[in-house]
Amino acid sequence: MAQTPHPEADWWRQAVVYQIYPRSFADSDGDGIGNIAGVTAKVPYLKALGVDAVWLSPFYPSALADGGYDVDDYRDVDPKLGTLADFDEMSAKLHEAGIRLIVDIVPNHSSDRHVWFQEALAADPGSPARDRYIFRNGLGPNGDQPPSDWVSHFGGSAWTRVPDGQWYLHLFAPEQPDFDWSNPEVRDDFRKTLRFWSDRGVDGFRVDVAHGLAKDLAEPLRSMPVIPELDIQVDGTNPLFDRDDVHTIFEEWREVFNEYSPPRAAVAEAWVPTTRRALYARPTELGQAFNFDLLREDWDAEGFRKSITENLAESAASGASSTWVLSNHDVIRHPSRYALPTGLGREGLDEWLLSDGLDPLPDHAAGLRRATASTLLLLALPGSMYLYQGEELGLREVPDIPRDQLADPIWLRTGHQLKGRDGCRVPLPWTVARDAAGGSSFGFGSGGAHLPQPDWFGQFSVEAEEVDPDSVLALYRTALRLRRELQTTETLEFETSVPTDVLSFRRPGGWLVITNFGTTPVPLPSGEVLVASGPLADGQLPGETTAWIRE
C-alpha cells in the first residue's frame, strides 16, 4: 500500500529561507561572537520579517580556521556559541513562531582536530584510521613532493605532509582534511549525524561542497593543476568534482530523510555546470540545488531573463523547485556588486576589495536601487528564495577592514593577494549608535564585534529602519507578506511586448511583475500597485525599479 504523502512534505518548494551566519548575527554574552542564544533572542524579529525558514551556518565545535566550516564534532555545539540545550531552545522558539530550521552539514572535510583525524595522525600508514581520510605517499626519490599537482581553493598545494612522510589531501585549508567517501565507515557516520539532528527537530540540511565528495583516487592520480570553477566536463569524470558516483551517496541520504514525517529537506551547494545541477535536485537525492547563476550576472535584463528561463526549465525537468540567491556568506553583497561598473567579473571584484573599495568608486545609490529591484523581482518568481542576513537592511560590503583584522584563510593562504570573505561577514548592526547598551558595536553585543563594524553601519541598523516606512526593511517585510498571500502554482508567463531593458511576467492569480533595468522611465501597466522597490510618479516606472501589480 502506498504511503500517503505528508501534507507539509513540500513546504520548501516556495519557501523564503533566511541564512544566519551565527557568529555575526547577535551576541548574547558579550564575548564579541554571535551565539545560539543570540539567535533565539531575535526570533520575534525573524517572525516580523516574514521568513519561512532559517538556515543556520555551522555552529559546531571549531577552531575557526575557515569560519566554522572546519568541524571538530558534527553532533555538538561549539561551547563559544552555546550548548545542545541552547540549540533545542532555539529550535523550539523558531518552530513556535512558524519558522522551520535548516542546518549546514559539511561532509567533504572535517577539521584537523576531529577525533578521527587525530587518530589518523597517531596511526601507521595504511591503517583503518588513515583510511577514513585521503593519505598518500609523496612523489620523488624521498617522497618529498606532493602526491599530485592538485591545488587548494584557498591557494597553494592541496596536500600537507605529516611527520612520518605521508601526505593528506585538503581541498580547502590544511586544517580541513578531506574524508574518503569510498569508506563505508564515513558514509555510515554521516547518516548517523543526519539522524541526530533530524531527531532534534531539524527540518532540513544545506549540504556544503556537495559536488566534491566523490574523488577518483586511482593511482597514478590524474593531473589537475587548477580549480576548474564551473568549467567542469559534463560527463561526470572529473578527478575531484561532480563525479557521477557522488549521487549514490545522496541516494543513501534520501533514504534517511524519508524516514521522517514530513521528510527532511535538503539543498545542495554544487558549483557545477547548469546542465548537471538538476542531478543533485532529483527527488531521489537532495531535492533541491542552489542556483548561483545570478551571483555572477551583471545588472542586465537579458541576463536575468536567460537565467530565469533556464532554471525554471531545469527545475521542471528534475521535479525540484528553483532556488534564487543574490548574496550569501561567500560573496560580495549584491548592493556593492551592483554599485560597480558592469563587466568587472570575479578578478575585478577581487581587485576592488584589495583597493579597500576605492577603485573603482562605487555608486552606492545605484547599487541599492538595483539590489532592491532585483530582490523584489526574484521574490515574485516561483521557487524558493534564500536571503542572507543583513540584506533586508540594504547592507553593503565592508571592503576596508584593516589588514591586521582580516580572518579569512584566503587572505593568508594567497600571500595577501586575495582579501576573502570577511567583508560580507561583519556582524549585524541592531542599534543606531555605539552606546553603553551596545558596547563598541552597534547593538551586536556588549563586548564589541569579532570583525569591526564601520561607522556608517548605524544608519543601516534595525533600530533605524524599523521606524522608517520607506526603509529597505519595510520593503522586505511588505514583499514577504504579499508573496505569502499571492504565491500559487510554480508557473509564470513572460511578457514579450516590452522594451529590451524591461523584464515582465505574469503569475497565476492575476498579478504582474515588471522590472525596469534601464534608466529611462517606462509606462506602468494598468492595475493596482501592490509594492514597488522605489517611488513611482505620473504612471511611470522609473529606471532600476521593480513593481508588483494586481491587474
Side-chain angles (χ1 to χ4, degrees), residues 14-20 25-26 41-54 97-99 324-327 333-336 338-339 364-381 385-397 427-433 438 442-444 453 456-487 511-516 524 527-537 540-550:
Q14 298 199 75
V16 174
V17 183
Y18 184 90
Q19 181 190 357
I20 290 178
F25 187 66
K42 301 301 184 183
V43 168
Y45 171 77
L46 297 168
K47 182 175 182 180
L49 182 58
V51 298
D52 300 301
V54 159
I99 300 171
W324 308 106
V325 183
L326 288 170
S327 285
R333 288 183 177 273
H334 63 288
S336 291
Y338 292 150
H364 292 309
L368 187 58
R369 286 195 305 272
R370 295 170 176 178
T372 52
S374 59
T375 295
L376 197 57
L377 166 62
L378 296 193
L379 282 171
L381 293 171
M385 181 77 179
Y386 283 78
L387 308 178
Y388 179 52
Q389 64 178 42
E391 71 168 83
E392 78 280 9
L393 304 174
L395 279 185
R396 56 183 187 257
E397 191 80 0
L428 294 191
W430 293 93
T431 59
V432 174
F442 290 97
F444 170 70
Q453 296 171 310
W456 53 265
F457 251 35
Q459 63 185 298
F460 289 87
S461 66
V462 173
E463 183 181 34
E465 297 201 17
E466 281 192 318
V467 297
D468 179 0
D470 297 321
S471 67
V472 178
L473 179 59
L475 173 65
Y476 270 68
R477 286 176 171 175
T478 298
L480 293 183
R481 174 181 57 79
L482 287 169
R483 173 189 167 95
R484 193 175 295 225
E485 295 172 3
L486 294 168
Q487 284 278 32
W511 56 299
L512 179 141
V513 180
I514 181 169
T515 300
N516 184 357
L524 271 171
E528 175 194 1
V529 176
L530 299 175
V531 63
S533 63
L536 309 177
Q540 299 286 303
L541 180 69
E544 301 172 338
T545 305
T546 295
W548 297 1
I549 299 170
R550 195 195 313 270

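All residue numbers in this chain count up from 1 along the given sequence.
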**OP:** Without swapping roles, check the side chain of Trp548 against the backbone of Leu376 for a donor-acceptor pair under 3.5 Å.
**Re:** yes

Original post:
Got a second to check how far Leu326's CG is from Tyr338's OH, nearest 0.5 Å?
Top reply: 5.0 Å

Let me have the donor-acceptor pairs involving side chains of residues 43-53, under 3.5 Å, with sequence neighbours excluded, atom names and distances please.
{"residue": "Tyr45", "atom": "OH", "partner": "Glu392", "partner atom": "OE2", "Å": "2.6"}
{"residue": "Asp52", "atom": "OD1", "partner": "Arg484", "partner atom": "NH2", "Å": "2.8"}
{"residue": "Asp52", "atom": "OD2", "partner": "Val16", "partner atom": "N", "Å": "2.8"}

Original post:
Does the Gln487 side chain pair with the main chain of Gln14, one donor and one acceptor, at a distance under 3.5 Å?
Top reply: no

Original post:
Are Glu528 and Leu530 close enough that some pair of their side-chain heavy atoms sits under 4.5 Å apart?
Top reply: yes

Original post:
Are Trp430 and Phe457 close enough that their ring centres sit under 6.0 Å apart?
Top reply: no

Original post:
Is there a donor-acceptor pair closer than 3.5 Å between any side-chain N or O of Thr375 and the backbone N or O of Thr372?
Top reply: no

**OP:** Taking the side chain as every heavy atom from C-beta outward, state whether Ile99 and Tyr18 have any atom pair closer than 4.5 Å.
**Re:** no

Original post:
Tell me, do Leu536 and Thr545 make a side-chain contact under 4.5 Å, heavy atoms counted?
Top reply: yes

Original post:
Counting only N and O atoms by type, is there a donor-acceptor contact under 3.5 Å from the side chain of Asn516 to the main-chain atoms of Pro542?
Top reply: yes

Original post:
Quick one: does Ser533's side chain have a donor or acceptor within less than 3.5 Å of a partner on Thr546's backbone?
Top reply: yes

**OP:** Decide yes or no for Met385 and Leu480: does some side-chain heavy atom of the first lie under 4.5 Å from some side-chain heavy atom of the second?
**Re:** no

**OP:** Please confirm whether the backbone N or O of Val432 pairs with a side-chain atom of Glu463, one donor and one acceptor, at under 3.5 Å?
**Re:** yes

Subject >> Ser336 side-chain N/O to Arg396 backbone N/O, donor-acceptor pair under 3.5 Å >> reply: no

**OP:** Could you walk me through whether Arg477 and Glu466 pass salt bridge (charged side-chain N to carboxylate O under 4.0 Å, His left out), step by step?
**Re:** CA-CA 10 Å; Arg477 286 176 171 175; Glu466 281 192 318; 2.9 Å; yes

Original post:
Just by distance, do the side chain of Gln453 and the backbone of Pro427 share a donor-acceptor pair under 3.5 Å?
Top reply: yes

Original post:
Does CZ belonging to Arg481 count more than 12 external heavy atoms closer than 6.0 Å?
Top reply: yes

